[in-house]
Trainee: 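For reference, the structure I am asking about is given below.
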Amino acid sequence: MSEEKKVKWKDTLNLPKTNFPMKAQLNRREPEILEKWENMDIYRSILEKRKDDPIYILHDGPPYANGNIHLGHALNKILKDFIVKTKSMEGFKAPYVPGWDCHGLPIELKVDQELGSSKKDMSVLDIRHKCRNYAEKFLKIQKKGFKRLGIFGDWENPYKTIDPTYESSIIKYFKSFVKNKSVIRKKRPVFWCNSCQTALAEAEVEYSNHLSSSIYVKFLLKDIPDFLGKYKNKEIFVVIWTTTPWTIPANLAIALHPDYDYSLFEMKGEYYICATRLIPVLADILKTDYKKIIEFKGSKLNGLNTIHPLYNRNSLIINTNYVELDSGTGCVHTAPGHGEDDYRAGLEYNLDIYSPVDSKGHFDNTTGKYEGKEIFKANSEIIQDLKNNNRLMYETQIEHSYPHCWRCKKPVIFRATEQWFISIDTADLRKKALNEIKKVKWYPAWGEERISNMVENRPDWCISRQRDWGVPIPVFFCKDCGEALLSIEAIDKIEKIFNDLGSDSWYKEEISEFLPEGITCKKCGCKNFEKGKDILDVWFESGSSFSILEKLPGHKFPADMYLEGGDQYRGWFHSSLLVAITTKDQSPYKTVITHGWALDEHGKAMSKSLGNIIEPQSIIEEQGAEILRLWVAMVNYKEDVRLGKEILSRVIESYRKIRNTWRFMLGTISDFNPEKDSIPDEHLREIDLFILYKLQKLKQKIFEAYTNYEYHIIYHTISNFFTIDLSSFYLHVIKDNLYCNSPNSKKRRSTQTVIFKLLKETILLIAPILSFTTEEAWENMPDFEGKENSVHLNLFPKIEKKYLNIIDNDKWEKIIKLRDKILKEIENARDAKIIGDSLEAEINLDLNDEYYNLVSSNIKIFKEILVVSKINLKKSEKEKISIRKSNGKKCPRCWNWFLDDTGENKLPELCPRCSLEIEELNFDPE
RNA sequence: GGGCCUAUAGCUCAGUUGGCUAGAGCGCACGCCUGAUAAGCGUGAGGUCGGUAGUUCAAGUCUACCUAGGCCCA
């Protein structure tokens, strides 16, 4: 047959036709779709559509307005978008107002760096102005990044922690803590630079080598325990080691590990105690030998007193688990005012947080002879005094890593300063929090245990920072006696002023604007006050974010959902809970979901030093945001998630599969008008009904997964459905029907009716995940009554129970099983070069009664699902499946093989079916 | 050092209360098709379940320890 003729027969077929391209070119197409959404104001259109529906609130945790968005941001925002879109399609009014955390140290530090030495000459207001600009700049950058991901939300009106109304709410919530007496002032050690006379944050401290005196100091044991009764009359010394002799005056305790072994030993005629393991080290340093006398656990000395080597006061032996045995003596010099561990131990043992050093680094008047002396300079005098008192065992110099001020490069110290705290127990906050935690649904479930442990063990919340970029703590100090003033009346005024003018007003306005008339110092009675200089911890700020839920119309408190990374158990979940309990007497969230960390393909955290950072921008530019969205759906976000080259290519592969399947389906219904051509259920072909049955099963599974926020299940379910049920089975098998039967035939329209439904419903089902591609596919769907302008304006399709009952599933399972068996035989025949295309095959089936009946009563179905030209059926107890090449000829139109034995074909070269079709078409092959 | 989490084929995931030869899709190999074509179809090969030791008639599934990794603290 001529090529020309072949082409002509092909022209009589109904082949797929669509404008939906196979190549996605997402990086080009996505911006177009974004523009469409922008133009139609998709976010508000959806809310308008759901305006009378119940409200669902996912409250956004504010990212920090610093830097470009990273993969973790993308993961977080995409997951939130899944939920918001799902809820919309489930029939909720689900507004989503993104937020930003704009105050805080990282921005202030960046601005510091940019300003350099010019900062000295700037006012607080000027610095704050610079910080604000910095935050606004990155907010814009991040917003653009998030929108590019296809996240729907109120991007024009996000909430910001620097909004005046937001700042006002912070003050209002702070007031609640003041009212219930939780706000207290007490000492706490912080990094302190004597030269700059300022507190430093951890991030402002640089470690470099420093030469220090290293001394071993003897503390005389005052209380001899019973088990050392034999030595009651001896002087026994507990030996400590330190590299900061100037903290010896502040020593209040000696810490021993309760479980480690300690010994009493004799050395140079004196009796000492230190950790057993470290005695040889000590002996080595002193170049002497020793005699171990008795060994005991550290817990045996707990609570005993020693005598301070410089003062006539006690130093208590305590037990802590931060004691280590890799250096020193195992007996740790503890000055609660000068170290973090020391501080915690001090709290536990109710010691004074004693820090006899002023802001310039000079000893105060509680230190006797050292008063007024600069601490580092006093080192040698202290060492000399120890020596004079026979309390110095050994002295040397060592070089070690020591914290220095990043600005002036001088060594810093730990110094206890007065700070503001929220007491966790004064108003039963801890107890209430633990109780509220139980009422919240935590995904994954272990989250409840994790946050409970944290709340149970957390110390009081230090909420003051000696910084400029934040919301000032609304407190005043008496100019005469220094007493702090926390006045509800004043805070009321501040709340109002901040609401109108923002927190800059604290630095602009006269103090009289904030203070109530005639207020006096409770302690000294005077009327002179100054404004406090500290700002609030930013966690208090972000923890107040639920305030927007009260203010925004169409929102509600508490939120239905908070969703953040696992680090927020300590952060936002935690602070929000504490603030909400104090201000609203309940948890701010009903459900909390946490996601894991985004790691590289080997499961390692991404870092600059490892050079394994994957930026979402590069994926968006090269593959498209949709690929990132599908990746988020693919992985189990409740654990840490990985991303790398291979993973990405798997995502792309499965994206193509979904896209191509839709493309094919769109092609097959190009001549289908759903309103005119649809076939009613009772006339649908059985195989078409069967795939509708499968579709209902699919919906059941998908909806369940959406309900449980299990997107990876959706991904796998969809992927399997598209691959197994659609591509390799249904869509493969109905081609003959669609291509070869006359366009308007019932059997063809039956299949189109079903494909239309499959297409529409699968698009809707995946819309929350593949938001761009579903939109594109939706646009390419044939028009039908009520077709929305955007896929995202729709509700999810309903499960249609009628299709669940029409199908005899047991029968179909048998059919599919037998099909698999026969396909294996067909493959064998191919291997043996008997056939190529399956249509060349003629199947001989010898089957037992049951299967004979199954096939004979469904012979048309079998011919269709096997895509073969003929089936010969025989009854036999012994099952046998064999394949042979058809001995007929190939119909050039439909490619089925047929025996030209009727003689009735008007076009003898065609098979009888095609001959009739052509007749109907009035097609002239010549 | 502490709290919590993770570890099943190359990749992403399933594996109910411990119970037959550990499943899926993708990828891979081989083949078919050329009327979904930078597509489609079929067949097949891949894990002994991070390691060790236990409990049990029986463990991927329970216990202990170890290793690797993650978050948060210290």
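Note on naming: letters A, B, ... go to the chains in the order of the sequence lines (proteins, then strands), and numbering restarts at 1 for each one.
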Trainee: Checking one value: the base orientation of G46(B), syn if chi is within 90 degrees of 0, otherwise anti.
Mentor: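 With its glycosidic angle within 90° of zero, G46(B) counts as syn.
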Trainee: Pick the C1' atom in G19(B) and in C62(B), then give their distance to the nearest Å.
Mentor: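 Straight-line distance between the two C1' atoms is 14 Å.
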Trainee: Which listed nucleotide (G42(B), G31(B), C72(B)) is nearest to the side chain of Arg570(A)?
Mentor: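 Looking only at side-chain atoms, Arg570(A) lies closest to C72(B).
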Trainee: State whether His732(A) places a side-chain N or O below 4.0 Å from either non-bridging phosphate oxygen (OP1 or OP2) of G42(B).
Mentor: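 Looking at the OP1 and OP2 atoms of G42(B), neither is under 4.0 Å from any side-chain N or O of His732(A).
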Trainee: Does the protein touch nucleotides 24-29 of chain B at the base, only the backbone, or not at all? Give it as B, S and - per nucleotide, heavy atoms under 4.0 Å.
Mentor: SSBS--
Trainee: With rounding to the closest Å, how many angstrom separate the C1' atoms on G1(B) and G18(B)?
Mentor: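 Result for the C1' pair: 35 Å, nearest Å.
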Trainee: Within this structure, what is the CD-to-P distance between Glu639(A) and U6(B), rounded to whole angstrom?
Mentor: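 After rounding, the gap between these two atoms is 6 Å.
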Trainee: For residues 600-614 of chain A, which residues have at least one heavy atom under 4.0 Å from RNA chain B?
Mentor: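 Heavy-atom cutoff 4.0 Å gives Gly603(A), Lys604(A), Ala605(A).
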Trainee: How far does the C1' atom of G3(B) sit from the matching atom of G44(B), given to the nearest Å?
Mentor: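 Here G3(B) and G44(B) have their C1' atoms 48 Å from each other.
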Trainee: Measuring to OP1 and OP2 of G70(B), would you say a side-chain N or O of Trp597(A) lies under 4.0 angstrom away?
Mentor: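 It does not, given that no N or O in the side chain of Trp597(A) lies less than 4.0 Å from OP1 or OP2 of G70(B).
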Trainee: With the threshold set at under 4.0 Å for non-hydrogen atoms, list the residues of residues 329-349 of chain A touching RNA chain B in residue-number order.
Mentor: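 Result for residues 329-349 of chain A: Asp341(A), Arg344(A), sorted by number.
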Trainee: Using OP1 and OP2 only, check whether a side-chain N or O of Lys824(A) sits under 4.0 Å from G42(B).
Mentor: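 No, Lys824(A) has no side-chain N/O under 4.0 Å of OP1/OP2 on G42(B).
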